[in-house]
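Convention: sequence-line order gives letters A, B, ...; per-chain numbering from 1.
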Amino acid sequence: MSIEFLLASAIAVLTAAGIYLVLRAQTFSVVLGLAMLSYAINAFLFAMGRLKVDLPPIYETGAEYTDPLPQALVLTAIVIAFGMTALVVVLALRTYLETGSEHVDGTPEVEDTHPDRGGGA
Amino acid sequence: MDLILISLLPFLGALAVGLAARRGRNAHAVIAGGFNLAAFLMVLAKAPAVLSGRVFTAQVEWVPALGLNASYFLDPLGLMFAGLILGIGLLIIVYAAFYLSAADSSARFLSFLMLFQGAMLGIVISDNILLLLVFWELTSLSSFLLIGFWQNLPEGRQGARMALAVTGGGGLALIAGMLVLGNIAGSYQLTEILTAREAIQASPQYPLALVLILVGCFTKSAQFPFHFWLPHAMAAPTPVSAYLHSATMVKAGVFLLARLWPVLSGTDLWFYLVATTGLVTMFVGAAIALFKDDLKALLAYSTISHLGLLTMLFGFGTPMAAVVGVFHIINHATFKAALFMNAGIVDHEVGTRDARRLGGLMHFMPIAATLGVIAGLSMAGLPPFNGFLSKEMMLEEAAHTVWGESGWLVPVLATLAALLSVAYSLRYVVHVYFGPRRDDYPKPPHDPGIGLWGPPAVLVVLVVLIGFFPAAIAGPLVQAVSGAVIGAQPPYFALKMWHGFTPALFMSVLAVLGGALLLWRYAPAERAWQRLPVPVAKRLFDHVIAALVALSRKVTDAVTNGSLQRTLLLFFLATIALGIEGISVGGYQPGTRETLAASPVAILAWLALLAATIAVVMSETRRFLALIYISVIGLVVSLGFVYLSAPDLALTQISVEVVTILLLLLALNLLPKVPPSTGSLVRRVRDGAVAVLGGGAVGWAAWSVMTRQPRDPISAFHWAEAKPGGGGTNVVNVILVDFRGFDTFGEIIVLGIAALGIYALLQTAPWGVSGKRLRAWIPDLIRSPERHPMMLVVASRLILPMAIVVALYIFLRGHNMPGGGFIAGLVYSIAMLIQFMASGFEWAEQRRQTERHALISAGVLIAAATGAGAIAFGLPFLTSGFDYFHVPLVGEVELATALLFDIGVGFTVVGAVMLALGQLSNAAQRAEQVEHSDQPMDIDPSRTVEEKR
């Protein structure tokens with residue numbers, strides 16, 4: 001097995017888990033799903049620079065180096081993902097406090113099967 | 001370069017009037033008029049040279065890669081239109097200054113008017129069709145503002161919307177048509193397109209381009225069946241009607257027909273589309289005009305009719321017809337603008353413009369009556385005024401035009417239209433000014449001041465002068481302009497009153513007699529007209545619009561009905577479908593790049609990650625466990641970054657991980673620990689399938705990329721320039737604070753806004769419904785009896801200074817070694833959060849020295865000031881500077897401005913993280929309602945018994 005395979009499969013599993021979780025009806029699950037998607041997307045972006053072992057992008061006289069640009073992009077993305085997660089979780093909390101419901105649409109907690117509200121989609 | 005200044009002057013005028021909005025009405029008129037006059041004089045100064053054959057050009061490159069340049073040229077056609085736009089514009093500004101009531105904002109009005117003038121002027125002197133299109137759209141927008149000037153009137157709003165929908169929609173067709181045309185000609189420069197007649201007409205795309213361009217022209221020039229917007233646009237103040245809807249904007253379509261005449265005309269398609277539309281419009285407009293009682297509506301339909309006449313003339317496609325068209329543009333602009341202003345005077349002084357309530361005004365307002373009668377007779381096409389001359393020439397052209405097989409269709413319809421035109425013109429004259437005096441006028445009528453009758457008088461003088469001395473006054477202009485339209489020497493023509501006993505003369509006599517007769521028998525004619533089933537265009541238009549709105553609402557509701565789950569599901573499905581489409585086009589084979597062998601440790605970490613991910617998904621009902629699993633994922637990701645040469649990312653990830661988990665724990669404290677339901681099995685299976693598809697696709701994409709060689713990434717530049725240009729050896733950090741500093745600047749602002757959003761959301765939570773819920777909240781977790789254990793408190797105090805030193809160290813070395821503002825800020829925040837955990841939020845809060853909001857804004861401001869500092873040295877925003885200094889004992893020290901920028905980043909991160917988590921802790925603490933203690937720890941050996949009481 002190669003590192004590339006490990007990373008690609010990890011991205012796949014994280015993305016799948018993220019998609020599944022953001023499709024849940026509970027806001028907390030959606031927050032977890034967003035966190036998972038952030039991991040997956042950051043790893044994906046990072047992978048665009050290709051993988052290198054023991055070649056940190058610290059300037060030394062050598063032709064070999066890891067692509068620093070995806071790393072810089074991912075670094076800010078990690079921080080922004082934190083900001084997003086924080087805002088969404090607080091939004092979820094406030095929605096729960098306002099409506100008494102944890103449903104993503106703020107609707108009362110009943111099994112959602114009516115076709116007009118996405119039940120049949 | 002004069003041309004560019006000319007084209008800018010009206011816009012500058014609009015700006016100047018807007019800036020002087022607080023000054024008086026006279027100041028507004030003087031400013032607008034001044035800019036207008038300056039542009040007019042500059043155009044006039046060029047007139048002699050242009051008429052003698054010189055073409056002025058000016059060009060500024062705008063987006064050369066798109067072929068879009070701000071290039072202008074002034075040829076005779078452009079000169080004539082520019083003269084009309086600026087000359088009549090000047091009169092309108094004077095007129096409007098006296099016309100508008102004190103309640104109307106004259107600054108707003110004149111500002112819009114100048115904006116429109118600039119747009120219109122731009123159309124007629126553009127040498128680039130893309131630029132022309134920009135101005136074209138601008139006329140639609142500015143006329144929308146002008147038509148809807150009286151926003152309180154529903155007619156104004158509806159009329160403005162209708163005009164925008166029709167002319168804006170036509171504008172879209174025109175854009176498409178012009179792009180096709182430019183594509184055929186191989187250039188967007190008008191002067192080059194005009195030389196490509198053969199190529200354009202031979203192209204199979206010619207019909208497409210022609211029809212699209214004609215839709216644009218016909219909608220703008222209110223040609224049948226797009227004519228209906230123009231009468232509704234009459235809800236505008238009368239100066240607007242006089243300017244936009246007689247002299248200028250509606251002529252834009254005719255202008256474009258004339259402008260593109262050399263390359264588009266001459267084909268059968270052109271003749272049948274353009275001449276027929278013009279003919280029908282001329283007839284229909286004249287017929288409706290006769291039976292309109294509102295003077296402005298009458299003039300509006302008469303304008304439609306005359307625009308039809310012009311369209312028909314250019315549609316004939318013969319050089320002589322084009323000459324007549326040019327001449328009639330001048331004549332129509334003079335008498336029609338004068339008539340609109342005249343109708344405005346009647347409205348202003350009598351209080352109504354309903355023809356049924358008027359009559360006999362000759363006795364009360366002789367000046368206005370004289371002006372109105374002369375302009376009206378010119379519109380009727382009666383000698384000795386200018387309208388007669390061009391109408392005679394039009395009839396002459398119509399007389400020998402063969403439509404299909406029929407030689408009589410065009411002449412007969414043209415004569416009928418002329419007849420109706422005589423009738424409605426005479427109706428305007430007779431029903432308003434002649435007849436007996438009445439005693440039921442809404443206001444006692446009298447002549448207005450010179451401010452109102454002066455501007456139309458100038459035009460009426462022209463009407464008379466051109467009528468008597470056509471060759472001397474209009475001859476050279478018509479000669480030059482028709483040359484420009486035709487693109488060659490125009491045929492010989494004579495502008496004179498008497499052409500002998502020609503067919504046109506008989507048609508004309510017939511039209512005058514018939515028209516007079518029709519007016520004489522007006523009452524029965526009107527009764528007959530009322531019985532005709534004429535479709536009401538507005539109702540049709542409203543129906544169409546309502547149907548479109550209903551349809552779009554239906555589509556929108558089908559896609560998003562307010563349910564997040566439905567929206568996201570459709571989003572993921574659409575994304576997956578796009579991915580499948582991409583794979584089917586681009587292939588799905590992985591590359592052959594050499595891969596790295598995985599060590600057993602790596603496989604072990606990978607297994608941990610997979611297990612944790614699955615565990616998170618499975619623990620939907622055990623939320624605290626899910627948080628622990630998710631932190632395992634974060635840990636593995638951080639380790640992965642360490643292993644794969646990304647130390648900065650690893651440091652960031654691990655510290656963000658700590659903060660995120662703390663935040664989620666705090667939030668979960670207030671949320672239910674177990675969800676009420678987990679959804680139906682069907683739905684979970686369906687979502688699972690979508691998830692597997694999506695995840696598989698992303699994973700496969702990552703695999704495909706990683707197994708291919710990169711294609712010359714731009715980071716080679718970053719790598720090469722990091723040390724010599726950015727002064728740092730940690731290339732990631734140099735990219736963050738230097739190469740892509742602007743990105744980082746934006747990101748910290750976003751982070752700050754997110755934190756402020758959290759603050760706002762929680763600050764208001766104790767009120768209203770959510771406050772009630774918060775107060776009713778009962779902690780549903782078992783608490784440790786030891787809330788602030790001594791060991792933890794002591795350890796956290798010991799850690800604090802060390803953690804701060806670590807943060808400083810990470811910060812300072814950031815430019816050259818892994819670290820930097822982001823990570824340092826996070827580490828510092830964690831050190832502070834540990835104090836929260838040890839001694840409670842309240843205790844820590846009381847010892848806080850800095851305001852967190854201030855920290856966020858200080859961070860952003862420091863970063864901004866650092867960036868702006870570069871401007872002071874004449875360098876672009878955020879250029880970083882650095883130098884090496886020798887410090888005794890320490891040695892060589894490098895100082896970079898990027899360090900300052902990084903301080904800003906660090907401040908913002910600390911402020912944002914602390915604000916978010918502090919506010920969340922605060923909300924939880926307020927809700928918990930436990931007895932508060934001022935002590936840092938539960939058991940404090942240094943406290944005495946007395947103190948404890």
[Y] backbone acceptor or donor facing [X] side chain under 3.5 Å:
| X | Y | value |
| --- | --- | --- |
| B/Gln565 | A/Leu23 | yes |
| B/Asp648 | A/Leu75 | no |
| A/Arg50 | B/Arg708 | yes |
| B/Ser770 | A/Glu98 | no |

Would you mind reporting whether [Y] and [X] have side-chain heavy atoms less than 4.5 Å apart?
| X | Y | value |
| --- | --- | --- |
| A/Gln71 | B/Ile735 | no |
| A/Leu32 | B/Arg623 | no |
| A/Thr76 | B/Asp743 | no |
| A/Lys52 | B/Leu644 | no |
| A/Ile19 | B/Leu568 | no |
| B/Val731 | A/Ile58 | no |
| B/Ile633 | A/Met36 | yes |
| A/Tyr20 | B/Arg684 | yes |

Counting only non-hydrogen atoms closer than 4.5 Å, does [X] touch chain A with its backbone (N, CA, C, O), its side chain (CB onward), both, or neither?
| X | value |
| --- | --- |
| B/Ala720 | backbone |
| B/Pro713 | side chain |
| B/Asp557 | neither |
| B/Thr764 | both |
| B/Ala701 | both |
| B/Ala716 | both |
| B/Gln709 | backbone |
| B/Ile630 | both |
| B/Val642 | neither |
| B/Ala765 | both |
| B/Ile714 | side chain |
| B/Leu693 | neither |
| B/Val637 | side chain |

#### Entry: Among A/Ala10, A/Ala25, A/Ala16, residue most engaged with chain B (heavy-atom pairs, under 4.5 Å)
A/Ala16
### Query
Picking from A/Ala17, A/Ala43, A/Ala72, A/Ala47, which has the most non-hydrogen pairs under 4.5 angstrom with chain B?
A/Ala72
### Query
Where does A/Ala35 contact chain B at under 4.5 Å (heavy atoms): side chain, backbone, both or neither?
side chain
## Note on the structure
Applying a strict 4.5 Å limit to non-hydrogen atoms, the region of A/Thr27 in contact with chain B is neither
If I compare all heavy atoms of [X] with all of [Y], which pair ends up nearest, and what's the gap?
| X | Y | answer |
| --- | --- | --- |
| B/Val698 | A/Ile11 | CG1-CG2, 3.6 Å |
| A/Arg94 | B/Leu761 | NH1-O, 2.7 Å |
| B/Leu917 | A/Phe82 | CD1-CZ, 4.2 Å |
| B/Ser645 | A/Pro57 | O-CD, 3.3 Å |
| B/Leu670 | A/Tyr96 | O-CE2, 3.7 Å |
| B/Gly699 | A/Ala12 | CA-CB, 3.8 Å |

So which of [options] has the biggest tally of heavy-atom pairs under 4.5 Å with chain A?
| options | answer |
| --- | --- |
| B/Ala912, B/Gly640, B/Ala916, B/Gly634 | B/Gly634 |
| B/Pro672, B/Ala602, B/Pro647, B/Ala597 | B/Pro672 |
| B/Ala754, B/Ala646, B/Ala667 | B/Ala646 |
| B/Ile748, B/Val750, B/Val656, B/Leu649 | B/Leu649 |
| B/His718, B/Arg593, B/Gln919 | B/Arg593 |
| B/Val692, B/Val682, B/Leu664 | B/Leu664 |

Out of curiosity, [X] [atom1] to [Y] [atom2], how far, rounded to the nearest 0.5 Å?
| X | Y | atom1 | atom2 | answer |
| --- | --- | --- | --- | --- |
| B/Thr567 | A/Asp105 | OG1 | CG | 8.0 Å |
| A/Leu21 | B/Glu620 | CG | CD | 6.5 Å |
| B/Leu627 | A/Phe28 | CG | CZ | 4.5 Å |
| B/Ile753 | A/Leu87 | CD1 | CG | 10.5 Å |
| A/Leu97 | B/Leu671 | CG | CG | 7.5 Å |

### Task
Name the orientation class of the two ring planes belonging to A/Tyr65 and B/Trp719 (parallel below 30°, tilted from 30 to 60°, perpendicular beyond 60°).
parallel
### Message
If the condition is ring-ring contact (aromatic ring centres under 6.0 Å, His included), which residues does B/Tyr643 pass it with, not counting sequence neighbours?
### Response
none
#### Entry: A/Phe46: partners by ring-ring contact (aromatic ring centres under 6.0 Å, His included), with sequence neighbours left out
B/Phe641
### Query
Does a donor on one side chain sit under 3.5 Å from an acceptor on the other, for B/Thr595 and A/Glu4?
no
### Message
With no hydrogens and no angle check, just 3.5 Å: does a side-chain donor-acceptor pair link B/Trp606 and A/Ser9?
### Response
yes
### For B/Ile758, the option from A/Val90, A/Val88, A/Leu93, A/Leu91 that meets side-chain contact (heavy atoms from CB on, under 4.5 Å)
A/Val90
### Message
Before you tell me yes or no, could you show the steps for A/Leu73 and B/Arg740 under side chain to side chain contact (heavy atoms under 4.5 Å, CB included), namely the whole-Å CA-CA distance, both residues' side-chain angles and the distance that decides it to 0.1 Å?
### Response
CA-CA 9 Å; A/Leu73 297 180; B/Arg740 302 193 63 84; 3.8 Å; yes
### Query
Step by step, would you call B/Phe572 with A/Val22 a side chain to side chain contact (heavy atoms under 4.5 Å, CB included)?
CA-CA 11 Å; B/Phe572 285 128; A/Val22 292; 3.6 Å; yes
### Query
What do the steps show when you test A/Tyr39 against B/Gln653 for side chain to side chain contact (heavy atoms under 4.5 Å, CB included), and what is the final call?
CA-CA 10 Å; A/Tyr39 287 132; B/Gln653 184 74 57; 3.4 Å; yes
